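Because only heavy atoms are used, hydrogens play no part in the values below, and waters and symmetry mates are left out as well, while side chains stay in. Quick caveat, the model's predicted, so the values are computed rather than measured.
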Amino acid sequence: MIFAPYADESKVINMIHKVRNEDYALLRLTFTMIDKNNLDANGILRDLLFSYGIVDYEKLRHGGEYGVFSKVLFIQVGKVEEVKLKFYRVKNSRGDRRFSIETIKRRMENKEVNEGDLLYISIYRKQSGIPQIYMINLTHNVPTEKMLAILGVDAINKLFNEIKPRLKEIVNGNYYPNAKGLGEIAPKDVGDTLESLLEVTTNNSPGADLNGLIELKSKGGKTLDTLFTLRPSFEGTLVADNEENDRQRVSAFTRIYGYISEKHPDYKSLYITIGSKESPQNSQGFYLEVEDNERHVNLMKINHETGAAYVAAFWRFDELKKQLETKHPATLWIKAEILERSGMYYFRYLNEFEFSRSPRFATFLSLIKSGIVTYDWRGYTTAEGKYSGKNHGNAWRIKPDYKAELFGEIEVVRL
């Protein structure tokens, strides 16, 4: 089960992530959980424990006597205590996955935990390489940010602190020439030039630009912010019926649904923004639909003759979630002013940028539903025969004013 934090609890999560930014699990306590000391080890928690080699629930024998014990740091306002947790499977046919917290009833009497409280559980590796579990009550007895220093500084904060001196030089500098050189400007040039100034190797990998930890997003103007690129799947669609080679299906989609344009008269072009059904943002009959039961985001196409809609392509939830989290463990959003002189473009990076962490996938889906997050299809290909043309990287994008919703909090930074 996925537990949604309330606004005040989300603020505590954001505070934690200023110090440590690893994956985490949430659990909303019920009276029965506390009374019987029988807490649900949900799938997210089990995956977390497995990834650090602490416990594999699938290998545990049924029965509490076969449980695995682990010491956990319980961080509260005014104190940090080492608490013993037991991970086990219930002795029944299902082998329900559970865990218990040492002396939890006494902790309820002392108001350390209460019915309805939301527990935050995460793991990091100490310098020795040994995994350390820690637990924080997000609802009551919340520790201060200063107390969280016991957890050390995570890799993202460490890297951010390392690049701040060079960033300060850049944003306090003047106009920098386009790293590409003379010629027509492309939207990616602002970011590519910043990366060259930071001596980052430009890449198209799914991970974040800086050591896989911090993504750099820079732009001039008030355009939408690009989140990531991810091609859809086509199994069971008209595209798959017309093109057997999966690697060619993005081009086939453009050929099937594209139009002849003045810019590319001998090609099929498709340059459109695709939003929700209520706000499709294109005239080709495409819109996005979040299908919770199938766990898909469907790219729908309206048949102009019948008015019926069908699935033209789709993205699986798990693939979207992985790409969003891989690309944005933390992100620097930097704006630039653009100046042109004699065919050369120059960029001046503004000394007020945004720093975000840990996007919320459930929020990502809700923003698709509301038309805030959209998908851009950008490319052209030959109308027939061998595919030839260009794909500009079809991308998921968000309206700038809504990034705080997606990431929970945006920190404004001046150097």
Engineer: Would you mind reporting whether V297 and L320 have side-chain heavy atoms less than 4.5 Å apart?
Structural biologist: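 A side-chain contact under 4.5 Å exists here.
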Engineer: Any side-chain donor-acceptor pair under 3.5 Å between Y24 and H17?
Structural biologist: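 Result is no, nothing qualifies.
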Engineer: Do V142 and Q76 touch side chain to side chain, with heavy atoms closer than 4.5 Å?
Structural biologist: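 Not touching, per the 4.5 Å side-chain cut-off.
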Engineer: Checking Y287 side chain against E278 main chain: does a donor-acceptor pair fall under 3.5 Å?
Structural biologist: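 Between the backbone of E278 and the side chain of Y287 there is no qualifying donor-acceptor contact (under 3.5 Å).
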Engineer: side-chain hydrogen bond (donor to acceptor under 3.5 Å, both in side chains) between H62 and Y88: does it pass, once the steps are laid out?
Structural biologist: CA-CA 8 Å; H62 296 194; Y88 64 96; over 6 Å; no
Engineer: Set out, in order, the CA-CA distance, both residues' side-chain angles and the distance that settles side chain to side chain contact (heavy atoms under 4.5 Å, CB included) for I121 and I136, then state yes or no.
Structural biologist: CA-CA 7 Å; I121 303 172; I136 295 171; over 6 Å; no
Engineer: One pair to check against side chain to side chain contact (heavy atoms under 4.5 Å, CB included): N298 and L288. What are the steps and the verdict?
Structural biologist: CA-CA 6 Å; N298 293 328; L288 299 173; over 6 Å; no
Engineer: What pairs with Y345 under ring pair (Phe, Tyr, Trp, His ring centres under 6.0 Å), at least two apart in sequence or on another chain?
Structural biologist: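 Y345 satisfies ring pair (Phe, Tyr, Trp, His ring centres under 6.0 Å) with no other residue.
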Engineer: Looking just at side-chain N and O atoms, do R360 and T363 make a donor-acceptor pair shorter than 3.5 Å?
Structural biologist: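 Judged by distance alone, the side chains do not pair up.
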Engineer: Which heavy atom of E22 sits nearest a heavy atom of Y120, and at what distance?
Structural biologist: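 Smallest heavy-atom distance, with atoms named: O-OH, 4.2 Å.
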Engineer: Got a donor-acceptor contact below 3.5 angstrom from the T306 side chain to the A308 backbone?
Structural biologist: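 Checking the backbone N and O of A308 against the side chain of T306, a donor-acceptor pair under 3.5 Å is found.
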Engineer: Assess whether a salt bridge exists between D246 and R231, defined as any Lys/Arg side-chain N lying under 4.0 Å from an Asp/Glu carboxylate O.
Structural biologist: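 Result for this pair is yes, salt bridge flagged.
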Engineer: For H264 and S269, does a side-chain donor sit closer than 3.5 Å to a side-chain acceptor?
Structural biologist: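 No, because no side-chain N or O of H264 sits under 3.5 Å from a partner of the opposite role on S269.
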Engineer: Are more than 12 heavy atoms from other residues, nucleotides or ligands located less than 6.0 Å from atom CD of E65?
Structural biologist: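 Above 12, so yes.
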Engineer: Rounded to the nearest 0.5 Å, what separation is found between the CG atom of L119 and the CE atom of M135?
Structural biologist: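 Between L119 CG and M135 CE, I get 6.0 Å after rounding to 0.5 Å.
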Engineer: So how far is it from D56 CG to F87 CZ, rounded to the nearest 0.5 Å?
Structural biologist: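 It comes to 13.0 Å.
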Engineer: Using the benzene-type ring in the case of Trp, are the ring centres of H328 and F407 under 6.0 Å apart?
Structural biologist: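 Ring centres of F407 and H328 closer than 6.0 Å.
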Engineer: Between V190 and Y349, is any pair of side-chain heavy atoms under 4.5 Å apart?
Structural biologist: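 Yes, their side chains come closer than 4.5 Å.
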Engineer: List for me each residue that meets salt bridge (charged side-chain N to carboxylate O under 4.0 Å, His left out) alongside E325, sequence neighbours excluded, and say none if there are none.
Structural biologist: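 Salt bridge (charged side-chain N to carboxylate O under 4.0 Å, His left out) list for E325, sorted by chain: K321.
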Engineer: Looking only at atom types and distance, does a side-chain atom of T381 sit under 3.5 Å from a main-chain N or O of G389, one as donor and one as acceptor?
Structural biologist: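 Not at all, since once roles are kept as given, no pair shorter than 3.5 Å links the two residues.
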Engineer: Run the side chain to side chain contact (heavy atoms under 4.5 Å, CB included) test on N137 and V113 for me, step by step, so that the C-alpha distance in whole Å, both residues' side-chain angles and the decisive distance to 0.1 Å come before the verdict.
Structural biologist: CA-CA 7 Å; N137 186 340; V113 295; 4.2 Å; yes
Engineer: Taking E112 first and then R107, would you say they form a salt bridge - that is, a charged N and a carboxylate O separated by under 4.0 Å?
Structural biologist: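 Salt bridge between E112 and R107, a charged N being under 4.0 Å from a carboxylate O: yes.
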Engineer: Mind checking the CG-CG spacing from L26 to L118? Nearest 0.5 Å is all I need.
Structural biologist: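 If I round to the nearest 0.5 Å, the distance is 5.0 Å.
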Engineer: In this structure, is the centre-to-centre distance between the rings of W333 and F353 below 6.0 Å?
Structural biologist: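 Centroid separation for F353 and W333: 6.0 Å or greater.
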Engineer: Which heavy atom of I156 sits nearest to which heavy atom of A330, and what is that distance?
Structural biologist: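 Minimum heavy-atom contact is CG2-CB, 3.7 Å.
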Engineer: Tell me whether W315 contacts the main-chain N or O of L230 through its side chain, where contact means a donor paired with an acceptor under 3.5 Å.
Structural biologist: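 Pair found, side chain donor or acceptor close to backbone of L230.
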Engineer: Can you confirm whether or not the ring centre of F355 sits under 6.0 Å from the ring centre of F160?
Structural biologist: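 They qualify: ring centres under 6.0 Å apart.
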Engineer: Have W377 and T254 got a donor and an acceptor in their side chains that come within less than 3.5 Å?
Structural biologist: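 Yes - a donor-acceptor pair under 3.5 Å links their side chains.
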Engineer: Under 4.0 Å between a side-chain nitrogen and a carboxylate oxygen: does that hold for K335 and E352?
Structural biologist: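 Between E352 and K335 there is no salt bridge, as every charged N stays at least 4.0 Å from the carboxylate O atoms.
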Engineer: Would you call L224 and T374 a side-chain contact if the rule is heavy atoms closer than 4.5 Å?
Structural biologist: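 With C-beta onward as the side chain, the pair touches.
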Engineer: Should I34 and L39 count as side-chain neighbours, where that means a heavy-atom distance under 4.5 Å?
Structural biologist: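 A side-chain contact is absent here, since even the closest heavy-atom pair is not under 4.5 Å.
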Engineer: Please list, chain by chain and in numerical order, all residues satisfying ring pair (Phe, Tyr, Trp, His ring centres under 6.0 Å) with F286, sequence neighbours excluded.
Structural biologist: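 By the ring pair (Phe, Tyr, Trp, His ring centres under 6.0 Å) rule, F286 matches F253, Y257.
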Engineer: If you take all heavy atoms of I133 and S70, which pair is closest and at what distance?
Structural biologist: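 Answer, listing the atom of I133 first, then S70: CD1-OG, 3.5 Å.
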Engineer: Taking all heavy atoms of G67 and all of K86, pick out the closest pair and write down the distance.
Structural biologist: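 Scanning both residues, the minimum pair turns out to be CA-CE, 4.2 Å.
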Engineer: Output yes when a side-chain donor or acceptor of S218 lies under 3.5 Å from a complementary backbone atom of I334, and no otherwise.
Structural biologist: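 Yes: the side chain of S218 pairs with the backbone of I334.
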Engineer: Any salt bridge between R316 and E319, counting N to O under 4.0 Å?
Structural biologist: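 So R316 pairs with E319 through a salt bridge.
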Engineer: Please report the shortest heavy-atom distance between L270 and Y259, naming the atom on each side.
Structural biologist: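 The pair with the smallest heavy-atom distance is CA-CE2, 3.9 Å.
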Engineer: Which pairs, with at least one residue in residues 156-166 and sequence neighbours excluded, count as a side chain to side chain donor-acceptor pair (under 3.5 Å)?
Structural biologist: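 Matches after skipping sequence neighbours: D154-N157, N157-R357, K158-E162, R166-E169.
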Engineer: Would you check if the distance from the ring center of Y176 to the ring center of F347 is below 6.0 Å?
Structural biologist: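 When the ring centroids of Y176 and F347 are compared, they turn out to be at least 6.0 Å apart.
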Engineer: Taking all non-hydrogen atoms of both residues into account, name the closest pair between Y402 and L367 and its distance.
Structural biologist: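 Reported closest heavy-atom pair: O-CD1, 4.4 Å.
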Engineer: Within 45° of the axis and under 6.0 Å from the centre of the six-membered ring of Y66, does NZ or CZ of R61 qualify?
Structural biologist: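 Yes, a cation-pi geometry.
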Engineer: Could you grab the distance from atom CE of M300 to atom CD of E289, nearest 0.5 Å is fine?
Structural biologist: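 Going from the CE atom of M300 to the CD atom of E289 covers 4.5 Å.
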Engineer: Do the side chain of E215 and the main chain of D209 share a donor and acceptor less than 3.5 angstrom apart?
Structural biologist: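 Such a contact is found between E215 side chain and D209 backbone.
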Engineer: Could you give all pairs that pass the salt bridge (Lys or Arg N to Asp or Glu O under 4.0 Å) test and reach residues 393-404, with sequence neighbours left out?
Structural biologist: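 Of all non-adjacent pairs touching residues 393-404, those that pass salt bridge (Lys or Arg N to Asp or Glu O under 4.0 Å) are D225-K403, E354-K403, D376-R397.
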Engineer: Look at atom CG of D47 and say whether more than 12 heavy atoms of other residues, nucleotides or ligands are closer to it than 6.0 Å.
Structural biologist: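 For D47, atom CG is crowded (more than 12 foreign heavy atoms under 6.0 Å).
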Engineer: Examine distances only and state if a side-chain atom of K219 and a backbone atom of T223 form a donor-acceptor pair shorter than 3.5 Å.
Structural biologist: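 Here the side-chain-to-backbone pair exists.
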Engineer: Do any pairs count as a side chain to side chain donor-acceptor pair (under 3.5 Å) and have a residue in residues 138-148, sequence neighbours left out, and if so which ones?
Structural biologist: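 Only E9-T139, N114-H140, D117-H140 qualify under side chain to side chain donor-acceptor pair (under 3.5 Å).
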Engineer: For Y52 and Q132, does a side-chain donor sit closer than 3.5 Å to a side-chain acceptor?
Structural biologist: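 Checked: Y52/Q132 side chains show no N/O donor-acceptor pair below 3.5 Å.
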Engineer: Are any side-chain N or O atoms of T30 and backbone N or O atoms of M33, one a donor and one an acceptor, separated by less than 3.5 Å?
Structural biologist: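 Judged by distance alone, yes, a pair lies under 3.5 Å.
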Engineer: Distance-only, no hydrogens or angles: does the R249 side chain make a donor-acceptor pair with backbone N or O of E244 under 3.5 Å?
Structural biologist: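 Checked: pair present.
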Engineer: For the side chain of Q323 and the backbone of T229, is there at least one donor-acceptor N/O pair under 3.5 Å apart?
Structural biologist: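 Checking the backbone N and O of T229 against the side chain of Q323, a donor-acceptor pair under 3.5 Å is found.
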Engineer: Answer yes or no for K327 and F228: cation-pi contact, defined as NZ/CZ to six-membered ring centre under 6.0 Å and angle to ring axis within 45°.
Structural biologist: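 No.
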Engineer: Would R20 count as a cation-pi partner of Y124, with NZ or CZ less than 6.0 Å from the six-membered ring centre and within 45° of the ring normal?
Structural biologist: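 Yes.
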Engineer: Apply side chain to side chain contact (heavy atoms under 4.5 Å, CB included) to residues K369 and S276 and explain how you reach the verdict.
Structural biologist: CA-CA 6 Å; K369 292 180 181 180; S276 63; 5.9 Å; no
Engineer: CD of E184: more than 12 outside heavy atoms within 6.0 angstrom?
Structural biologist: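 Check fails, neighbour count at 12 or below.
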Engineer: Determine, for E58 against R97, whether the closest basic-nitrogen to carboxylate-oxygen distance falls under 4.0 angstrom.
Structural biologist: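 Result for this pair is yes, salt bridge flagged.
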Engineer: Contact between Y375 and N394 at the side-chain level, heavy atoms closer than 4.5 Å - yes or no?
Structural biologist: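 Yes, their side chains come closer than 4.5 Å.
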